[in-house]
Structures are given as C-alpha cells and as structure tokens.
Chemist: 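Below are the structure tokens for one structure; questions will follow.
Predicted model only: the values in this text are computed from it and were never measured. One-based numbering, in listed order, for ligands and for the atoms of each. The figures here come from the full heavy-atom set of this structure, side chains too, leaving out hydrogens, waters and symmetry mates.
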Amino acid sequence: MLQPRSAKIYTEVISDIADEFVQRVSKIRNRNCEVPDDFLNEIHRWSLESLAQIALDIRMGCLEDSPSEDTQNLIDAINIFFINVPILELKIPFWRIFNTPTFRRYIQALDCIKEICLKYINKSMENLNMDKPESQMSVIQKVLKENPIKVASILALDLFLVGVDTTSNAVASILYQLSINPEKQELLHEEILEKLPTTDAKLTTEKLEAMIYLKACIKETMRMYPVVIGNGRQTSSDVIISGYHVPKGVQVIFQHYVISNQEEYFTRARDFIPERWLKNHMAFKEHHPFASLPFGFGKRMCLGKRFAELEIQTLIAKIMRTYKVEYHYKKLDYHIHPMYTPNGPLKLRFIKRNDEPLK
Ligand code: HEM
C-alpha cells in the first residue's frame, strides 16, 4: 500500500505544504534572521500537516498563523506518548498493579490522540471520492475500498502516532548538520540550483530523483544520528546469531546507531561525509547492507519510509533553494527525547539567498 508509486501521487501537495513552511520561516525569523527557540515545534507542525494529507487526504491548517487548538494538542500528546512508552515498557511495570502517574499521562495522551484523529478521520470520510482510478487514490481510500471503516481508522491512528515526530526530528537533525557543515551545504545548494534555476521552477518527482547529493546528505545524517536508534524483535524460534545460540522467545535489540557509527563499517565514521553515498565519488565505498538501517529492515520495517523520504527531500530542497542556514552557538549534543535529536534550541539563521541579515 505505501509503495513508491503511492508516495508519488502526493508530490504536488507535499510540495505545496513545504512552500507554506518556507514562507512561515520567513515570517517567524527575527531581525538577525534567527528562528525562535521552539523551532522544532514549527517543524512538528509541518510534519503533522503533511501526515494528515497522506493518511487522511485532508489539510488541517497546522501552518496557519492561528491554527486550531487541535494542532498543538495533537503534537503535545504524541510527544507525551513517546516519552512514556519506554518508561512503561522498559522499567519495572508498577503500572500493572497501580494506576501510576506515568500510566495515567500515557493513557490521557492516547485518548487525546484518538479523539482528535477520529474527528479528522470522520471529516475525511465525508469528502471521500471512491470513483477515482486506483492509481490516484489516497492511502485512506485504498484501505476503505477493501476494509471496514474501523480498520482504516486504526491504520490512520497508527500513522499519526509514528509518522510525525520521526520525520520532524529527522528534518531538525539534517538542517543542523547542514548548518555546521557549510561547505557541504554549498554543494547541496549548487545541485538544487541546477535543478531549480528559478524560484518558481516546479519541483517534480524526476527532479527530486536526480538530486543525488540531497539524498546523500539525508542518508549521512541518518547514519550518524538515526532518529530511532534501534529496533527490537522477539525470536520466533531458536537461532544462532554471530555464533551465539539465542533461544526462542528472547528479546533481541538491534542497535543500529552503534553499528552505523563504527569505524569498522564506515571510514571516518564521526565525520559528516555525504560523498560516501555517491557511487562515482572517490569517498564511496561499498558498505555492509545492514550497517545503516534508519528505517529498520524486514517484514516490520518502516511502512512510511517512502513518504518520509518524499516529505524530507521536498522540504530540504525547498529550504536550501531559498535560504542559507547558519548556526552560531555552542555545538549541540544529541539526546534521546524520545527521538535521537539535537539537544537544545535550534537557533538557526535562515538567510535568504542574495539577502543580507537586516541591520
Ligand atoms: C524519518 C522518518 C522515519 C523514520 C526514521 C522511521 C523509522 C522507523 C523504524 C526504525 C521503524 C521500526 C522498523 C523495524 O522494527 O524494523 C518504523 C516503523 C514504522 N513506521 Fe516509520 N519512520 C519514519 C517515518 C514514518 C512515517 C512518515 C510513517 C507513516 C506515514 C511511518 C510509519 C511507520 C509504521 C506504520 C511502522 C510500524 C511498522 C510495523 O510494525 O509493521 N514512519 N519506522
């Protein structure tokens, strides 16, 4: 269902949403072209707007100057949900015996997500046009064609839970990396300028496809700083992993953050070198296919990978076409909160190309 060709039908609307974000950045900058400390929240708004379009075929208006209060409530609830999942799953499960404050917060967040999502799911159902050819159908239409409304609602809820913070934190991380690696940002700008020579040039799927340095910058950020640092699986039978016998039923954690930052798999692993992903470049080296898996692997790999890639590539291309992004403060560490993301306000400067900061 979430195939490359499904993602492509969203190119135009995802591009419109990215344009709105680029305009919003221009509005929220201060005199030094710097965005407010809560810039990550602005990126969440873009991500939520894009996801509502993908999951439900609707616009929520998250990027308007005064969005409905559902926007912020949903963003906050998704964040609370993610912060509490590892506490409930990995620590001693007192919540199984008592109604702990953490458990209450978690359930309240889920109730809030459910309530808001159902409101928009119902809205989306009212506007459904099931007569479209299959190739132009949205995710929700395709699901509804073969399943009852309940299944479609559960899927949409699931997409809201996992598709907002992941994508926005990835964007935050990519922008930060490009801002502290200005020479790489210039190379990227040159590539984008070649494909979009005028400000009104249309960003098509083919142009995005041809932006190989853009994809390399994204891959390199996700290698060094995967927003989801690991995957878990429970073995369904006895297996031998690297010579160790792992019995059936054991929880196995695959720490791809650790692997993808090892010198053994990537030379100069702690350096940001997008060129290592470019086949014809001297920095390119075949690496182990499992050495960097930011979207997981196998049957349970990320269902929204193509959408996330489309959203991120489109937004970064548009931002880089319009702005030079700078960062002038102390280097940021990364932390898990609950995604792996730069720790601290993203005080980025967005300087319009051919524009100087206002004096
Ligand atoms: C940069 C953005 C994203 C990253 C890094 C990411 C990463 C991941 C990872 C690591 C997993 C677990 C994979 C595994 O266990 O092998 C996952 C699962 C999933 N992702 Fe994403 N994701 C992103 C964006 C999205 C988006 C935008 C959507 C929805 C449109 C989405 C939908 C899902 C779903 C539904 C699953 C669960 C799949 C299953 O358990 O069968 N993700 N994602």
Chemist: State if I54 counts as touching ligand 1 under the rule of any non-hydrogen atom under 4.0 Å.
Modeler: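 So I54 does not count as touching ligand 1.
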Chemist: Show me which atoms of ligand 1 lie under 4.0 Å from any heavy atom of R233.
Modeler: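 Result: 14 (C), 15 (O), 16 (O).
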Chemist: Give me the ring orientation class for H335 and H337: parallel if the planes are under 30° apart, tilted from 30 to 60°, perpendicular past 60°.
Modeler: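 The arrangement is parallel - the two ring planes meet at less than 30°.
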Chemist: Could you tell me whether the side chain of F307 reaches within less than 4.5 Å of the side chain of T167, counting heavy atoms only?
Modeler: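 Side chain of T167 against side chain of F307, heavy atoms only: no contact under 4.5 Å found.
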Chemist: Please identify which atoms of ligand 1 are closer than 4.0 Å to at least one heavy atom of P294.
Modeler: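 It comes down to these atoms of ligand 1: 5 (C), 7 (C), 10 (C).
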Chemist: Run the numbers for me: atoms of ligand 1, each under 4.0 Å from some heavy atom of V227, listed by number.
Modeler: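 In order of number, 5 (C).
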Chemist: Within this structure, what is the CD1-OG distance for the pair I312 and S168, rounded to the nearest 0.5 Å?
Modeler: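 Result: 9.0 Å between the selected atoms.
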Chemist: Where does the angle between the aromatic ring planes of W277 and H287 fall among parallel (under 30°), tilted (30 to 60°) and perpendicular (over 60°)?
Modeler: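 Rings of W277 and H287: perpendicular, over 60°.
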Chemist: At less than 4.0 angstrom from any non-hydrogen atom of M301, what atoms of ligand 1 do you find?
Modeler: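 What qualifies from ligand 1 is 13 (C), 14 (C), 16 (O), 38 (C).
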Chemist: Relative to the ring of F39, is the ring of F21 parallel (under 30°), tilted (30 to 60°) or perpendicular (over 60°)?
Modeler: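 Answer is tilted, since the angle falls between 30° and 60°.
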Chemist: Which atoms of ligand 1 are found less than 4.0 Å from any heavy atom of F297?
Modeler: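 In order of number, 16 (O).
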Chemist: What are the atoms of ligand 1, with element, lying closer than 4.0 Å to any heavy atom of L51?
Modeler: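 Ligand 1 atoms under the 4.0 Å threshold to L51: 30 (C).
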Chemist: Please identify which atoms of ligand 1 are closer than 4.0 Å to at least one heavy atom of A308.
Modeler: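 Numbered from 1, ligand 1 contributes 2 (C), 24 (C).
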Chemist: Which class fits the ring pair H288 and Y265: parallel under 30°, tilted 30 to 60°, perpendicular over 60°?
Modeler: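 Plane angle over 60°, so perpendicular.
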Chemist: Classify the angle between the aromatic ring planes of Y257 and Y340 as parallel (below 30°), tilted (30 to 60°) or perpendicular (above 60°).
Modeler: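 Plane angle over 60°, so perpendicular.
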Chemist: Should one rank L303, I312, L159 by closest heavy-atom distance to atom 36 (C) of ligand 1, which comes out on top?
Modeler: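 Answer by nearest heavy atom: L303.
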Chemist: As an exercise, identify every atom of ligand 1 less than 4.0 angstrom from a heavy atom of N231.
Modeler: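 Under 4.0 Å from N231, ligand 1 has these atoms: 10 (C), 12 (C), 13 (C), 14 (C), 15 (O), 16 (O).
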Chemist: Are Y327 and Q177 close enough that a side-chain donor and a side-chain acceptor fall under 3.5 Å?
Modeler: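 No - no donor-acceptor pair under 3.5 Å links their side chains.
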Chemist: I'd like to check whether E311 has a polar contact with ligand 1, where a contact means an N/O of the residue lying under 3.5 Å from an N/O of the ligand.
Modeler: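 No; every N/O pair is 3.5 Å or more apart.
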Chemist: State if M222 counts as touching ligand 1 under the rule of any non-hydrogen atom under 4.0 Å.
Modeler: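 Judged by the 4.0 Å heavy-atom criterion, M222 does count as contacting ligand 1.
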